[in-house]
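One structure below.
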Amino acid sequence: MNYNEAFDKLNDLGQTHVLDGFNGLSADKQAELLEQIDRTDFSVLRLCSGDASVVPKGEVTPIKAMQLDEIKSEGDRFEEIGLNVITDSKVAAVLLAGGMGTRLGSDDPKGMYNIGITKDVFIFQRLIENLMDVTNKTGNWVYLFVMTSDKNHDVTVKFFNEHNFFGYNGDYVKFFKQEMAPACDYSGKVYMEEPYRIATSPNGNGGWFSSMISAGIADIVEREGIEWLNVFAVDNVLQRICDPCFIGAVVDGGFTSGAKVVRKAAPDEKVGVMCLEDGRPSIVEYYELTPELMQAKDEKGDPAYNFGVILNYLFNTKELLGVVRENMPLHRVEKKIPYISAAGEYVKPQEPNGYKFETLILDMIHLFPDCLPYEVVREHEFAPIKNKTGIDSVESARKLCELNGIVL
Ligand code: UTP
């Protein structure tokens, strides 16, 4: 793309400020900027006008979760089914590690955060240790696919290599990058993160399977006959990965997807809860939960919308191929976006200053014909690290690790 073509593309979108510093750039940087303008999909910016935070929901009704008592009584049988799936190499794990972790405030990828007290314990290390609980039991390696982004790919790959994959077999760990989307101010003008580069951010955790396809990782899935993908977030240091009992329950019930859930701590807890939406599985976000839904009761008299998702899903790969062809809703999210000001200064904002655009894995559930919400004990399986202090922080996760006998 040459300058005039770039100008025309930007002019149509009201974004010509991107070229304001063009003449002051070296030839290499000019070429880099023109190439970025050419490949950037600016269509996401359409969400800047109007109230894009409200996505209309269909009719919400309760979904039946498999609760702890049932899991306890059927546990041995589920475990055996799940162990067979793992031993037959029919399941792989997908670690979503492309996020920016802005709330934690570290410039490194979240997985590199050291939560150790008496020794080094990196978040990535904790996850590998959890996965190895299962691989040590079955005696075979499970593929681990790690999603990164342009922002953290190289440093993540280097970190795993430097630490010898924390004892895992590196041949079974494959990295792939997710796509990026432009970030803009509240009026819809894209920010510049360098004089020669438009500010971009990872496009959310919803595109993980299409990124796996683009990166050729889905070919491994097909070649190896992998039938299930267990997808999970980087920030839960108690995450059970490829949990045989969970896999067994999903397979035994003939489901095409499953979601680990925890019982809500309080009716107004800020967590997305599982439900049916127009008869299909779905997740209703805490801000979408009306007082009626919050107070609704099931036949036992318990809250009818009581099971929150913890970003640990099991998906059937055949079904995923159909799902990936569907359009996922795009969300506009307010974030702190570092940028180069008109005066040429680098600004790292302390408060949100604009929008990023993301698709979300929780929307994927609605594209599946069915889903098993599978209850787990919060204290044993849910220790997310989102913030520096307070709720869902390094502090709270450390306490939960100690409670579970993990030496930090
Ligand atoms: P979060 O929603 O907590 O986002 O991600 P985040 O980017 O990590 O953190 P904040 O909001 O900036 O503080 C939940 C999971 O989804 C992954 C994250 O790495 C985490 O495992 N994720 C999120 C991606 O892989 N890509 C994305 O674009 C966004």
Side-chain angles (χ1 to χ4, degrees), residues 44 93-113 122-124 126-128 130-131 144-153 155-156 159 175-183 199-212 214-215 217 229-239 241 259-260 270-272 283 285-287 308-313 328-338 348-365 382-394 396-397:
V44 294
V94 181
L95 163 56
L96 302 177
M100 298 284 283
T102 44
R103 282 170 285 174
L104 192 57
S106 162
D107 286 336
D108 283 331
K110 207 184 244 187
M112 284 171 59
Y113 204 89
F122 303 100
I123 293 180
F124 281 139
R126 278 266 60 252
L127 297 174
I128 293 285
N130 290 348
L131 176 57
L144 172 64
F145 304 124
V146 182
M147 184 162 88
T148 60
S149 80
D150 275 355
K151 303 269 180 192
N152 67 14
H153 182 83
V155 62
T156 302
F159 189 74
F175 299 89
F176 66 102
K177 280 192 212 175
Q178 67 175 105
E179 276 93 49
M180 307 292 284
T200 59
S201 73
N203 66 346
N205 56 23
W208 64 275
F209 193 62
S210 58
S211 297
M212 270 178 74
S214 317
I217 298 284
L229 292 175
N230 181 200
V231 189
F232 60 96
V234 71
D235 44 32
N236 174 8
V237 288
L238 288 181
Q239 191 88 258
I241 305 158
K260 282 203 167 186
K270 288 185 173 171
V271 59
I283 290 159
E285 280 287 13
Y286 66 92
Y287 51 81
V309 284
I310 60 169
L311 219 171
N312 186 321
Y313 301 105
M328 301 263 289
L330 189 67
H331 297 261
R332 186 181 83 178
V333 197
E334 269 190 80
K335 292 264 175 163
K336 298 175 203 162
I337 305 159
K348 205 172 174 187
Q350 299 305 310
E351 296 301 323
N353 61 333
Y355 300 127
K356 293 182 175 181
F357 302 92
E358 302 188 335
T359 57
L360 304 177
I361 189 169
L362 55 81
D363 288 320
M364 208 172 212
I365 288 294
F382 193 43
I385 297 179
K386 300 279 183 198
N387 308 300
K388 262 192 184 149
T389 52
I391 295 174
D392 297 345
S393 65
V394 179
S396 59

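Each ligand, and each atom within it, is numbered from 1 in the order the structure gives. Here, residue 1 is the first one in the sequence, and each next residue gets the next number.
- The distance from ligand 1 to the heavy atoms of Asp235 drops below 4.0 Å at these ligand atoms: 3 (O).
- Nearest protein heavy-atom contact of atom 4 (O) of ligand 1 is Arg103 NH2, 4.2 Å.
- Residue Val234 has at least one N or O atom closer than 3.5 Å to an N or O atom of ligand 1.
- The residue among Val231, Asn236, Leu96, Leu311 with a heavy atom at the shortest distance from atom 14 (C) of ligand 1 is Leu311.
- Contact annotation: the side chain of Lys386 approaches that of Lys110 to within less than 4.5 Å [non-hydrogen atoms, C-beta and beyond].
- Of all the atoms in ligand 1, the ones that sit under 4.0 Å from a non-hydrogen atom of Lys335 are 10 (P), 11 (O), 12 (O).
- The closest side-chain heavy-atom distance from Phe124 to Val234 is below 4.5 Å.
- At a threshold of 4.5 Å between non-hydrogen side-chain atoms, the residues Leu104 and Val394 count as touching.
- Of the protein's non-hydrogen atoms, the one nearest atom 28 (O) of ligand 1 is Gly204 N, 2.8 Å.
- With a 4.0 Å cut-off on non-hydrogen atoms, Ala97 touches ligand 1 through its backbone and not its side chain.
- The nearest protein atom to atom 5 (O) of ligand 1, hydrogens excluded, is given as Lys386 NZ, 4.2 Å; this is a heavy-atom distance.
- With atom 12 (O) of ligand 1 as the reference point, the heavy atom nearest to it among Val94, Leu360, Thr102 is part of Thr102.
- The two residues Val237 and Asn130 come nearest to each other via the heavy atoms O-ND2, 3.3 Å.
- When only non-hydrogen protein atoms are considered, atom 16 (O) of ligand 1 lies nearest to Asn205 ND2, 3.1 Å.
- A heavy-atom distance below 4.5 Å is found between the side chains of Phe357 and Arg332.
- Protein heavy atom in closest approach to atom 7 (O) of ligand 1: Met100 N, 2.9 Å.
- Checking side-chain atoms of Asp363 against main-chain N and O of Met328 turns up no donor-acceptor pair under 3.5 Å.
- For atom 24 (C) of ligand 1, the closest non-hydrogen atom on the protein side is Gly99 N, 3.2 Å.
- Side-chain contact between Glu358 and Asn203 is absent, with no heavy atoms from C-beta onward closer than 4.5 Å.
- Under a 4.0 Å criterion applied to the non-hydrogen atoms of Met147, ligand 1 contributes the atoms 25 (O).
- Across all their heavy atoms, Gln178 and Ser149 have their closest contact at CG-CB, 3.9 Å.
- Scanning the protein heavy atoms around atom 6 (P) of ligand 1, the nearest turns out to be Gly101 N, 3.6 Å.
- Not a single N or O atom of Phe232, backbone or side chain, sits closer than 3.5 Å to an N or O atom of ligand 1.
- Salt bridge present: Lys348 and Asp107 bring a charged side-chain N and a carboxylate O closer than 4.0 Å.
- In this structure, Ser393 and Ile385 approach most closely via the heavy-atom pair O-CG1, 4.0 Å.
- When only interatomic distances are considered, the shortest N/O to N/O separation between Ala233 and ligand 1 does not fall below 3.5 Å.
- Closest of all the heavy-atom pairs between Met212 and Phe145 is CE-CD1, 3.7 Å.
- If you check which protein heavy atom lies closest to atom 26 (N) of ligand 1, you get Gln178 OE1, 2.6 Å.
- Among the atoms of Glu358, none of the N or O lies under 3.5 angstrom from an N or O of ligand 1.
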